[in-house]
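Following: one structure in structure tokens, then a few remarks.
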There are 2 protein chains.
Amino acid sequence: MTTLGYALLGLLAREPASGYDLKRQLQAPIGFFWRARHSQIYPELARLEAIGLVTYQVVAQHDLPDKKVYTITAEGRGALRDWVATPAEAPVVRDEVLLKTFSLWLVEPAAAVALVRDQERRHVEQLQVYEGLHQQLVQRAGAALTHWDSPYFASYITLQKGIGAERQYLEWCRWVVLLLEQPA
Amino acid sequence: MTTLGYALLGLLAREPASGYDLKRQLQAPIGFFWRARHSQIYPELARLEAIGLVTYQVVAQHDLPDKKVYTITAEGRGALRDWVATPAEAPVVRDEVLLKTFSLWLVEPAAAVALVRDQERRHVEQLQVYEGLHQQLVQRAGAALTHWDSPYFASYITLQKGIGAERQYLEWCRWVVLLLEQPA
DNA sequence: TCCTACATGTAAGGTGTTACATGATTCC
DNA sequence: GGAATCATGTAACACCTTACATGTAGGA
């Protein structure tokens, strides 16, 4: 099983969805834990169906194309649970911005500041998106927000990680700009 | 040009190195901005050499195998500088732990706590590595640490990002454990 | 004697991105 | 008329990981 497969199961464990629905959830800016394109999602759903972890029903819609609505099976839920309980590897760090930062000494301070400010702007936007999602979540979840067996709880702690990471990124951007702008 | 190519140029812009040296720098736990295996590095160095961004000299060693020591060329430095000054995309988030967190509501609190504690331990270790690198850096760099045109400065701000990210990850792990362990 | 470090490569396979492909409806 | 959304797929390519391959020197 691929990691993407588990990402899809993780979404389907909450509610049935079409490939298109899943695509939207695994897209920027809300897919903050994993991203995927539809060209990866459709074949993966077919594989999950082939091994019995999901099933689907074709649903006809008025004025819109038919869609395949996928549902997780009991085996799918079991596979997902087993995977979740298995210790995870450390995240693969692959940040192009940090790579550029590492060679930032090669460019003029003005260019360096432009680069970091651009990132700052990006992360401000992303933080706003996450905070919006958080507001929605708090309103919808109610008391379930802090119940360990509620999907709302899992969404809540995942989102909090995203929010914390964005804040930390922002703080760092601002600190770097301060360093670059202070007179030598 | 691939991102890995720029990662290699970024290291070679600081000092000449063999493929093996570069491999060590792009490995866990010190390769905190980008990681790569030797099977990717050697062919990439050959490509960089083919397009004139690096050159190499074979260096014979007593009691150890010969090595190819690569040096960045003026064109290589120029290409790297141009790339650094170009706005970067937002980092691709691909964190298996967050993916598991998203489905954490499916497992018992005990299993969930074990998972998060395991990550906590990992990040404590990583943080210690980074803090060690930071100590080394401060001692070696001296006043250059805050000079924008010094590679030490770039290393410093990159490392600070890594340290901040690890601390944020740790705080989050501890917060989640608290939530999971508090009586329902 | 076996394992690790040094040192450099290739090959096969899996994962992910970009582009190709189609077709209806709704909004500007 | 053109672009965006809904909806699903395939194909080609780029990137990354794992495994294969070889050889010396030093330590346990």
Side-chain angles (χ1 to χ4, degrees), chain A residues 1-8 11-12 16-28 30-31 33-51 54 56-70 89-96 99, chain B residues 1-8 11-12 16-28 30-31 33-51 54-70 88-96 99:
Chain A
M1 273 287 294
T2 63
T3 310
L4 175 62
Y6 291 112
L8 297 175
L11 290 165
L12 293 174
S18 67
Y20 196 81
D21 294 331
L22 294 167
K23 184 207 87 179
R24 269 183 302 200
Q25 294 181 78
L26 292 178
Q27 243 180 353
I30 60 158
F33 41 80
W34 206 266
R35 292 199 182 155
R37 314 285 166 122
H38 75 277
S39 60
Q40 235 191 318
I41 293 170
Y42 290 117
E44 186 62 35
L45 282 171
R47 269 192 295 276
L48 292 175
E49 199 264 339
I51 58 176
V54 302
Y56 72 89
Q57 267 183 280
V58 176
V59 174
Q61 296 178 107
H62 78 106
D63 290 353
L64 280 176
D66 291 2
K67 61 178 174 179
K68 292 184 180 177
V69 173
Y70 287 85
E89 298 300 306
V92 181
V93 183
R94 194 150 276 164
D95 189 337
E96 205 183 306
L99 208 52
Chain B
M1 273 286 297
T2 63
T3 310
L4 175 62
Y6 291 111
L8 298 175
L11 289 165
L12 292 174
S18 68
Y20 196 81
D21 294 332
L22 295 167
K23 183 208 87 177
R24 268 182 304 200
Q25 294 180 78
L26 293 178
Q27 243 180 352
I30 60 160
F33 40 81
W34 205 265
R35 290 195 184 158
R37 314 286 165 121
H38 75 278
S39 60
Q40 236 191 315
I41 294 169
Y42 289 119
E44 186 63 36
L45 282 171
R47 270 192 294 275
L48 292 175
E49 200 264 337
I51 57 176
V54 302
T55 55
Y56 72 89
Q57 268 184 281
V58 176
V59 174
Q61 296 178 108
H62 78 106
D63 290 354
L64 280 177
D66 291 2
K67 60 178 175 179
K68 291 184 180 176
V69 174
Y70 287 85
E89 297 301 304
V92 182
V93 183
R94 194 150 276 165
D95 189 335
E96 204 183 306
L99 208 52

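All chains are named by letter (A, B, ...) in the order of the sequence lines, taking the proteins before the strands, and each is independently numbered beginning at 1.
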> Is Lys23(B) touching bases, backbone alone, or none of the nucleic acid, heavy atoms closer than 4.0 Å?
Replying inline: nothing

>> Starting the side chain at C-beta, find the nucleotide from dT5(D), dC16(D), dG23(C) nearest to Tyr20(A).
In response: dT5(D)

> Arg94(B) has an atom CZ; how far is it from atom P of dT17(D), in whole Å?
Replying inline: 12 Å

> If only atom types and distance count, is the side chain of Arg94(B) paired as donor or acceptor with the main-chain N or O of Arg35(A) below 3.5 Å?
Replying inline: yes

>> Val69(B) and side chain to side chain contact (heavy atoms under 4.5 Å, CB included): which single residue from Val59(B), Leu12(B), Asp21(B) fits?
In response: Val59(B)

> What integer distance in Å separates Asp21(A):CG from dT8(D):C1'?
Replying inline: 13 Å

>> Please report the distance, rounded to the nearest Å, between CD in Glu44(B) and C1' in dT8(C).
In response: 16 Å

> If every non-hydrogen atom of Met1(A) is compared with every non-hydrogen atom of Tyr6(A), which pair is closest and at what distance?
Replying inline: CB-OH, 3.3 Å

> Quick one: is Gln40(B) getting a side-chain N or O under 4.0 Å of the dC15(D) phosphate, OP1 or OP2?
Replying inline: no

> Can you tell me how far C1' of dC6(C) sits from NE2 of His38(B), to the nearest Å?
Replying inline: 12 Å

> Below 3.5 Å, does any donor atom in the side chain of Ser39(A) face an acceptor in the base of dT18(C), or the other way round?
Replying inline: yes

> Take atom CD in Gln61(B); do more than 12 heavy atoms of anything else shown fall under 6.0 Å from it?
Replying inline: yes

> Rounded to the nearest Å, what distance is computed from the NZ atom of residue Lys67(B) to the P atom of nucleotide dA25(D)?
Replying inline: 17 Å

> So does Tyr42(A) get a side-chain nitrogen or oxygen closer than 4.0 Å to the phosphate oxygens (OP1/OP2) of dT8(D)?
Replying inline: yes

> For the pair made of CD in Glu96(B) and P in dT17(D), what is the distance, rounded to whole Å?
Replying inline: 13 Å

> Taking CZ from Arg37(B) and P from dT8(C), how many angstroms apart are they, rounded to a whole number?
Replying inline: 18 Å

> At what distance, to the nearest 0.5 angstrom, does CG of Leu4(B) lie from CD of Gln40(B)?
Replying inline: 5.0 Å

> Considering only side-chain heavy atoms of Arg24(A), which listed nucleotide, dT8(D), dC6(D), dT17(C), is closest?
Replying inline: dC6(D)

>> Counting only side-chain nitrogens and oxygens, does Gln61(B) get under 4.0 Å of the OP1 or OP2 atom of dA7(C)?
In response: yes

> So which one's nearest nucleotide on DNA chain C is more toward 5', Ala36(A) or Leu64(A)?
Replying inline: Ala36(A)

> What nucleic acid atoms does Arg35(A) come within less than 4.0 Å of, heavy atoms only: base, sugar-phosphate, or nothing?
Replying inline: nothing

> What is the distance, rounded to the nearest whole Å, between atom OH of Tyr6(B) and atom P of dA14(D)?
Replying inline: 16 Å

